[in-house]
Protein chains: 2
Amino acid sequence: MKVKKEIIDPSTEEKIKNAARKVFTQKGYAGTKTRDIAEEAGINLALLNYYFRSKEKLFDIIMLESFQEFMRSMISVFNDEKTSLEKKIESMVSNYIDLLIKQPDIPLFILSELRNNPNEIVKKMSLDNNLMKSFFMKQIQQAIKEEKISDISPVHFFMNMMSLTVFPFVASPMLKNLGDLQQKDFDKLMQERKKLIPKWIKATMKVK
Amino acid sequence: MKVKKEIIDPSTEEKIKNAARKVFTQKGYAGTKTRDIAEEAGINLALLNYYFRSKEKLFDIIMLESFQEFMRSMISVFNDEKTSLEKKIESMVSNYIDLLIKQPDIPLFILSELRNNPNEIVKKMSLDNNLMKSFFMKQIQQAIKEEKISDISPVHFFMNMMSLTVFPFVASPMLKNLGDLQQKDFDKLMQERKKLIPKWIKATMKVK
DNA sequence: GTCTATATACGGATAGAC
DNA sequence: GTCTATCCGTATATAGAC
């Protein structure tokens with residue numbers, strides 16, 4: 001009964017959260033009016049406060065969920081001890097691009113909010129998942145030792161992977177303008193990058 | 001006399017602009033209160049409106065200047081017909097990293113403001129400097145023809161260069177957290193990247 | 001749970017004295 | 001040019017009826 005209701009017509013709480021996610025990610029915390037969220041959700045402003053008490057509390061929930069979603073692909077892959085470094089890179093890039101094509105404005109949302117207030121939630125999650133001590137980083141260090149790849153800080157590898165994968169989405173409004181691209185062209189380029197980025201990463205790893 | 005005054009004590013107009021640049025880039029348009037700018041400039045709120053009429057007009061000036069500064073390194077290098085592709089990449093990356101170490105939050109400022117309102121200023125400047133038809137792009141296409149580099153859309157090359165150079169600064173709050181880096185460590189990594197990125201770019205250019 | 005009406009605070013902008 | 005005091009619209013949040 002409850003399930004049926006949620007499928008046919010999401011609960012009010014869910015409707016508000018969906019609306020909030022949409023408006024917050026597009027306009028940021030400061031640019032968002034609770035009235036916009038209420039309107040987007042098709043409910044009254046008072047109801048928003050009934051469910052979530054305040055704009056800030058609602059925002060914290062959305063931010064936490066967005067950040068978790070952004071980190072999920074990374075964490076699961078990083079700590080997996082079974083797959084090779086090469087396969088890890090491939091699946092990470094592919095997972096991310098799939099996620100980002102569906103939700104292109106999550107990274108810019110997180111990064112621009114993070115700029116002003118070093119968010120406590122994010123700090124805590126970063127500490128809980130110390131990426132620099134993950135199995136992935138150990139694999140890189142091992143490969144350096146065995147002289148399979150060049151001797152550069154593993155942080156650079158990580159930066160490169162994230163940069164090549166995430167930046168085009170963060171900068172998409174500008175890139176579309178500068179490159180005179182339609183959304184369709186842009187998405188096609190991103191699909192191409194799923195295969196290209198792992199190849200490029202491997203090439204950079206051998207640079208001396 | 002005038003010059004001396006500007007060196008010793010910048011004009012009020014300059015003081016307000018400097019304060020505005022600082023606050024706007026840190027908090028974005030919506031997050032900025034004109035009172036904050038006034039305080040930062042050490043002047044009264046009324047004076048801000050006396051000089052610039054409104055928050056929006058002041059913002060437009062700051063945005064235009066920031067965007068121009070961000071594009072300058074690129075445009076001058078792109079249209080230069082004398083230097084080789086290789087040298088161009090080197091000087092562009094180096095120029096950008098120098099600029100970004102000095103003013104790390106310009107890109108995130110531009111990109112996050114661009115997200116909501118496809119800024120008219122930016123649109124116009126993008127049209128005026130059609131990068132895809134610049135000499136730099138012709139050089140890439142020529143190199144592809146001569147089979148010196150692999151046959152991929154020049155847009156990918158451009159994205160890669162910008163990604164590797166700019167993204168670390170856009171994502172610095174997160175990268176510092178995840179990588180457990182102090183500002184000093186971060187800047188050192190960026191300095192290293194001045195030499196590394198051109199090498200990496202060259203490596204990716206040969207990938208089939 | 002959901003609405004209308006309202007309290008309260010805040011932020012942009014101006015009036016007017018100096 | 002620069003200040004203090006103030007106006008006024010708007011945004012968050014709550015009271016209270018249904």
Side-chain angles (χ1 to χ4, degrees), chain A residues 1-64 109 112-113 116-117 119, chain B residues 1-64 109 112-113 116-117 119:
Chain A
M1 198 61 178
K2 200 188 165 204
V3 173
K4 199 179 172 186
K5 195 193 171 210
E6 279 173 3
I7 290 170
I8 293 172
D9 182 29
S11 68
T12 304
E13 194 175 331
E14 233 9 81
K15 273 195 284 187
I16 296 173
K17 273 178 63 176
N18 289 336
R21 186 163 19 248
K22 184 174 171 183
V23 182
F24 275 137
T25 49
Q26 260 174 35
K27 307 196 176 185
Y29 178 78
T32 293
K33 299 163 211 167
T34 49
R35 282 178 165 83
D36 294 344
I37 298 176
E39 193 185 352
E40 175 74 32
I43 53 101
N44 188 277
L45 170 61
L47 211 50
L48 187 152
N49 287 295
Y50 172 77
Y51 276 99
F52 296 96
R53 294 290 298 168
S54 77
K55 177 186 178 183
E56 204 180 348
K57 285 197 173 59
L58 175 54
F59 176 81
D60 284 344
I61 291 168
I62 300 298
M63 172 54 93
L64 177 63
F109 167 62
S112 61
E113 294 302 330
N116 334 336
N117 335 309
N119 193 300
Chain B
M1 195 61 178
K2 202 189 163 203
V3 172
K4 196 179 173 189
K5 195 193 171 211
E6 277 172 5
I7 290 170
I8 295 171
D9 183 29
S11 69
T12 305
E13 194 174 332
E14 232 12 79
K15 274 196 281 187
I16 297 172
K17 272 178 65 176
N18 289 337
R21 187 165 16 251
K22 183 172 172 187
V23 182
F24 276 137
T25 49
Q26 258 174 35
K27 306 196 177 184
Y29 179 78
T32 293
K33 298 163 211 169
T34 50
R35 285 177 165 82
D36 294 344
I37 298 176
E39 193 185 353
E40 174 75 33
I43 53 102
N44 188 275
L45 170 60
L47 210 50
L48 186 151
N49 287 295
Y50 172 76
Y51 276 97
F52 296 96
R53 292 292 299 168
S54 76
K55 178 185 178 183
E56 203 179 349
K57 285 198 172 59
L58 177 53
F59 176 81
D60 285 343
I61 291 168
I62 300 299
M63 171 56 91
L64 176 64
F109 168 61
S112 61
E113 294 303 328
N116 332 338
N117 336 310
N119 193 301

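Keep in mind that what you see is a predicted model, and the values were worked out from it rather than measured. Sequence lines set the chain letters: A, B, ... in the order given, protein chains first and strands last, and positions in each chain run from 1.
DNA chain C is contacted by Arg53(B), Ser54(B), Lys55(B) of residues 53-60 of chain B, taking any non-hydrogen atom closer than 4.0 Å. The stretch residues 16-26 of chain A has no heavy atom under 4.0 angstrom from DNA chain D at all.
Annotation: the span from Tyr50(A) atom OH to Leu45(A) atom CG amounts to 15.5 Å, rounded to 0.5 Å. The CD1 atom of Ile43(B) lies 8.5 Å from the NZ atom of Lys15(B); values are rounded to the nearest 0.5 Å. Distance check, rounded to the nearest 0.5 Å: CD of Glu113(A) to CG of Asn117(A) gives 7.0 Å. For the atom pair Met63(A) CE and Phe109(A) CZ, the distance stands at 4.5 Å (nearest 0.5 Å).
The salt bridge (charged side-chain N to carboxylate O under 4.0 Å, His left out) contacts involving residues 44-63 of chain B comprise nothing, where partners must be two or more places apart or lie in separate chains. Counting only residues at least two apart or in different chains, ring pair (Phe, Tyr, Trp, His ring centres under 6.0 Å) contacts with residues 26-46 of chain A comprise Tyr29(A)-Phe59(A).
Phosphate proximity of dG12(C) to Thr34(B): present, with a side-chain N or O under 4.0 Å from OP1 or OP2.
The distance between atom CD of Glu13(B) and atom C1' of dT2(D), rounded to the nearest whole Å, is 15 Å. Spacing between atom CG of Asn49(B) and atom C1' of dT2(D) amounts to 13 Å, rounded to whole angstrom units. dA17(C) atom P lies 17 Å from atom OH of Tyr50(B), rounded to whole Å.
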Dump the pairs, protein N or O against N or O of nucleotides 3-10 of chain C, anything under 3.5 Å, distances to one decimal.
| from | atom 1 | to | atom 2 | distance (Å) |
| --- | --- | --- | --- | --- |
| dC3(C) | OP2 | Asn44(A) | N | 3.1 |
| dT4(C) | OP2 | Asn44(A) | ND2 | 3.0 |

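As judged by a 4.0 angstrom heavy-atom cut-off over every strand, Tyr51(B) is placed among residues touching the sugar-phosphate backbone only.
Between Leu58(B) and Phe24(B) there is a side-chain heavy-atom pair separated by less than 4.5 Å. Side-chain contact between Glu13(A) and Phe52(A) is present, with heavy atoms from C-beta onward closer than 4.5 Å. For the pair Gln26(B)/Asn116(A), no side-chain contact is recorded, criterion being any heavy-atom separation below 4.5 Å from C-beta on.
For Lys27(A), the NZ atom counts as loosely surrounded, since its 6.0 Å shell holds 12 or fewer non-hydrogen atoms of other residues, nucleotides or ligands.
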Under 3.5 Å, sequence neighbours excluded: what are the donor-acceptor pairs made by side chains of residues 31-42 of chain B?
| from | atom 1 | to | atom 2 | distance (Å) |
| --- | --- | --- | --- | --- |
| Thr32(B) | OG1 | Gly28(B) | O | 2.7 |
| Glu40(B) | OE2 | Lys22(B) | NZ | 3.1 |

